[in-house]
Amino acid sequence: MKPWVVDAKDIEPEDLDQFHGQLLHLNNQIADFLDPSATEEMLIIAPKGFGKTLLLKTKRQSMRQRYGTMLPELALVDKPSANPDLMSHREYGSVRETEAYWKALWSIALTLAVEKHLGVCPPLAGALEKLVRNENLRSACDLFTNLLALPRDAYFAAFKDYVAHLLPVFRRIHSSLAMFVDNIDEYFEDFLAGDLVDSEEQRAIYRSYWHFAQVGIALAARDLHAINNHVKIFASIRKEVFQRTFLGNPLGLQLAGSAIDLHYMRDDLVEIIRKNIDAERKRNLADPSAKDPWTRFFGAHATRIVHQSTGDEEDVGAFWIRHTFRRPRDIAFIGRDLAAIDPRRRTRETVRQQITRSAAAIAQGFITEMSPHLPQFDREVLFRLIRRNVIPWDELAFLDEQYDRQFAARQGTGEPVACHVFASMFKIGLLGYVGMHPETAELVQFFRYPGEVPLDRNDVLPDAEHFLVHPSLDLLIGGYNPDYFRHLDKLNVIGADRPWRAARQIMFVLKGDVRGSGAIFQDPVAGANFPSFFANAVAEAGRDLVIARSMDGDAALLVDPNPRQVMLAALALRQRLARSDYGCEMRFGGDAGFVELAEDGAGAHARAGLALLVAARLEPHAAPGAILVTGQFVDAWRELLGAGGFEARPVEPREVAMLRESDGRYDLAKPGGEAPMLRRLMVLEGPAPAG
């Protein structure tokens with residue numbers, strides 16, 4: 001089975017069993033729903049992209065041994081097609097603005113489809129009699145479409161026939177029959193997205209029909225099941241509809257017992273990725289023999305992503321999921337694009353770039369999908385206004401006013417009206433915020449899942465100090481506003497559920513190496529004693545630092561927020577080694593930036609941070625006895641402690657002959673696909689003595 005299936009339409013019916021066994025992720029919720037003997041849950045509730053169609057089709061396949069009769073006959077699921085005929089809405093007055101009308105419409109369509117298939121239709125008159133005689137109308141969705149087009153009087157006559165004739169026959173059916181209905185939301189969304197709506201007033205009416213049509217089938221399916229439990233009607237509805245109508249009232253609690261409310265935890269999404277990697281052909285794996293699936297797919301050097309703006313390192317899986325709306329469809333979409341990269345070219349940089357590009361395509365498509373519910377959302381106007389990915393509250397309010405004015409000018413409508421554009425972003429998951437975690441009381445980044453907020457609400461923005469742009473939008477916004485990338489937050493990587501750093505302490509890092517240690521280790525006595533001597537020397541020289549550790553017997557890592565202390569420790573260590581019986585010299589590479597610290601039994605250690613990587617890359621290029629640092633190290637020292645106390649000079653190109661130089665900056669990136677890592681380099685002469 002080919003992995004990375006983006007849409008259930010791409011799975012042929014004969015392949016469903018194989019997909020079910022090999023690629024479908026079965027958490028407890030989904031496994032219970034797909035149990036052939038379980039028929040209590042008839043509604044699948046989820047936003048777009050969560051696999052509603054796939055689960056309906058798989059449920060049908062799982063029930064085929066128990067139910068001899070399945071509808072529709074020639075497809076796995078029934079779904080409306082063409083455009084709804086709603087030209088008679090004016091004569092209905094307020095009738096169509098009620099749940100009762102849509103429930104009745106679906107009840108008629110569903111019972112008529114069942115009775116036509118079983119050949120038990122009673123004598124009928126008027127509109128229903130014509131529908132019965134038309135042998136081309138056997139699908140519940142086709143019947144629904146025709147009922148929707150009835151004039152008002154014909155509808156009321158049809159409802160009387162339903163109550164007097166169709167319903168009594170339906171009660172007497174003893175055959176086991178299952179019906180599967182899908183895509184009601186898309187039926188009306190496609191209509192709204194077209195050019196058939198003349199005014200905003202009409203658009204608002206049809207948006208309410210989008211809502212009512214889904215409420216109607218949920219209510220009808222529940223009632224018909226209660227009337228005759230031999231007939232099972234399975235249908236999908238959007239999460240936004242359930243949120244608005246059913247939650248918080250007794251009917252909602254009853255319907256919740258008949259529904260599977262699809263949601264995916266992060267572990268579920270990771271498992272979906274793993275299953276698809278397991279299904280990849282061997283020739284499409286970077287390291288087919290690796291046990292770890294991430295290494296197998298990406299290779300050992302592309303399983304972590306380094307963020308240039310913050311210095312954080314992140315597992316590639318976390319980076320992947322963070323750039324989605326946490327929908328299985330998004331996971332598969334990115335996976336398909338990554339799989340298209342030649343395994344030999346899956347470097348850290350190509351993977352990062354591809355995920356970013358795929359995420360932008362997902363966001364673009366998502367906005368288009370949601371456009372019927374966002375009537376005053378102009379992405380070009382909006383994205384030209386946004387200049388940073390972390391927006392303070394007062395700036396957001398200013399941008400909101402700016403958008404209203406520019407949108408009105410673009411539409412030629414004169415006076416601006418409140419468009420609530422940032423509320424629109426928030427309710428579909430494009431805008432997050434910083435809030436307090438209810439259990440840990442720590443600051444956390446929150447993004448709403450698609451479907452969590454009803455689409456007709458504009459009062460949804462939380463009372464927060466900072467709002468966050470979803471990372472999938474970065475490339476899109478940057479296309480309209482190039483300054484956006486220069487203003488990415490330097491403290492935080494943006495993503496759902498990530499901790500928020502209100503402030504960040506700069507750490508100064510020196511990575512040192514003993515010159516001539518090879519000769520020492522070749523001597524049996526000196527080689528045995530040197531590692532312990534060196535470890536003691538590092539600990540003594542760096543006793544006042546946050547981190548002072550020896551590594552591999554001849555390397556040292558010195559980290560502290562005070563650059564003077566780091567430098568003094570390096571000089572003390574160098575002097576100690578030079579005066580020892582070993583008579584050896586040290587060289588250092590250094591950088592300044594964020595370093596993620598962790599504690600273990602031996603004290604603090606550095607877990608991640610771009611400054612660690614840069615210092616390690618610089619150290620081999622330092623001359624014996626030299627301290628080679630980045631311009632950022634020097635700038636941060638001056639900003640923190642002033643310009644005095646040390647001397648630094650720009651490095652000469654001949655001193656770092658192995659590094660490529662461009663306009664005074666040197667590239668520390670490794671050859672072979674890694675993004676350029678350009679830095680100004682300085683040779684640090686050391687601080688003057690205190691006092």
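Note that the coordinates shown come from a computational prediction; the quantities given were computed from them, not determined experimentally.
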Salt-bridge criterion met for E314 and R304 (N-O under 4.0 Å)
no
Return the orientation label for the W102 and F144 ring planes: parallel under 30°, perpendicular over 60°, tilted otherwise.
tilted
Nearest 0.5 Å please: distance from the CD atom of E313 over to the OG1 atom of T303.
9.5 Å
May I ask you to decide if the ring planes of Y209 and Y206 are parallel, tilted or perpendicular, using 30° and 60° as cut-offs?
tilted
Measure the CD-CG distance between E41 and L55 for me, rounded to the nearest 0.5 Å.
11.0 Å
Other residues, nucleotides, ligands: >12 heavy atoms within 6.0 Å of R345 CZ:
no
Does R326 qualify as a cation-pi partner of Y449, given the criterion of NZ or CZ under 6.0 Å from the six-membered ring centre and within 45 degrees of its axis?
yes
Checking K103 now: which residues fulfil salt bridge (charged side-chain N to carboxylate O under 4.0 Å, His left out) with it, not counting sequence neighbours?
D223
Quick check: are there more than 12 heavy atoms from other residues, nucleotides or ligands sitting under 6.0 Å from CZ of F159?
no
Sorted by chain and number, sequence neighbours left out, side chain to side chain contact (heavy atoms under 4.5 Å, CB included) with V120 holds for E115, L118, V169
Any side-chain heavy-atom pair from F234 and R60 closer than 4.5 angstrom?
no
Rounded to the nearest 0.5 Å, what separates atom CE in M70 from atom CG in D78?
14.5 Å
Donor-acceptor contact present, side-chain D268 to main-chain M265, <3.5 Å
yes
Charged N to carboxylate O under 4.0 angstrom, K52 versus D182?
no
Distance col, row N27:CG vs Y264:OH, nearest 0.5 angstrom, shows 7.0 Å
Looking at H225, I want to see if its NE2 is surrounded by more than 12 non-hydrogen atoms of other residues, nucleotides or ligands under 6.0 Å.
yes
Among F446, W500, Y433, the one residue meeting side-chain contact (heavy atoms from CB on, under 4.5 Å) with L468:
W500
Here the gap from F33 atom CZ to N28 atom CG, rounded to the nearest 0.5 Å, amounts to 15.5 Å
Regarding K116 and E135, does a basic nitrogen lie under 4.0 Å from an acidic carboxylate oxygen?
no
Is there a side-chain contact between F170 and L166 in this structure, where contact means two heavy atoms from C-beta onward sitting under 4.5 Å apart?
no
Taking the side chain from W106 and the backbone from A213, do they hold a donor-acceptor pair closer than 3.5 Å?
yes
NZ or CZ of R329 within 45° of F50 ring axis and under 6.0 Å:
no
Should I237 and I184 count as side-chain neighbours, where that means a heavy-atom distance under 4.5 Å?
no
Paired with T58, the side-chain contact (heavy atoms from CB on, under 4.5 Å) test is passed by just one of L76, D17, I30, L24, namely L24
Grab the two heavy atoms, one from H323 and one from S472, that are nearest each other, plus how far apart they are.
O-CB, 3.8 Å
Taken in chain and number order and not counting sequence neighbours, the residues that satisfy side chain to side chain contact (heavy atoms under 4.5 Å, CB included) with A300 are T295
Expected list for residues 9-16: side-chain donor-acceptor pairs under 3.5 angstrom, two or more places apart:
none

Cationic N near anionic O, under 4.0 Å, E189 to R207:
no
Might you confirm whether atom NZ of K275 has over 12 heavy atoms from other residues, nucleotides or ligands at distances under 6.0 Å?
yes
Please list all pairs meeting salt bridge (Lys or Arg N to Asp or Glu O under 4.0 Å) that have one or both residues in residues 281-300, counting only residues at least two apart or in different chains.
D278-R296
Indicate every side-chain donor-acceptor pair of residues 353-360 with a distance under 3.5 Å to a residue at least two apart or in another chain.
{"residue": "Q353", "atom": "NE2", "partner": "E349", "partner atom": "OE2", "Å": "3.0"}
{"residue": "Q354", "atom": "OE1", "partner": "R357", "partner atom": "NH2", "Å": "3.0"}
{"residue": "Q354", "atom": "NE2", "partner": "S358", "partner atom": "OG", "Å": "3.0"}
{"residue": "T356", "atom": "OG1", "partner": "R352", "partner atom": "O", "Å": "2.8"}
{"residue": "S358", "atom": "OG", "partner": "D337", "partner atom": "OD2", "Å": "2.7"}
{"residue": "S358", "atom": "OG", "partner": "Q354", "partner atom": "O", "Å": "2.9"}

Salt bridge (charged side-chain N to carboxylate O under 4.0 Å, His left out) assessment of K239 paired with E452
CA-CA 7 Å; K239 177 69 173 278; E452 282 190 334; 5.8 Å; no
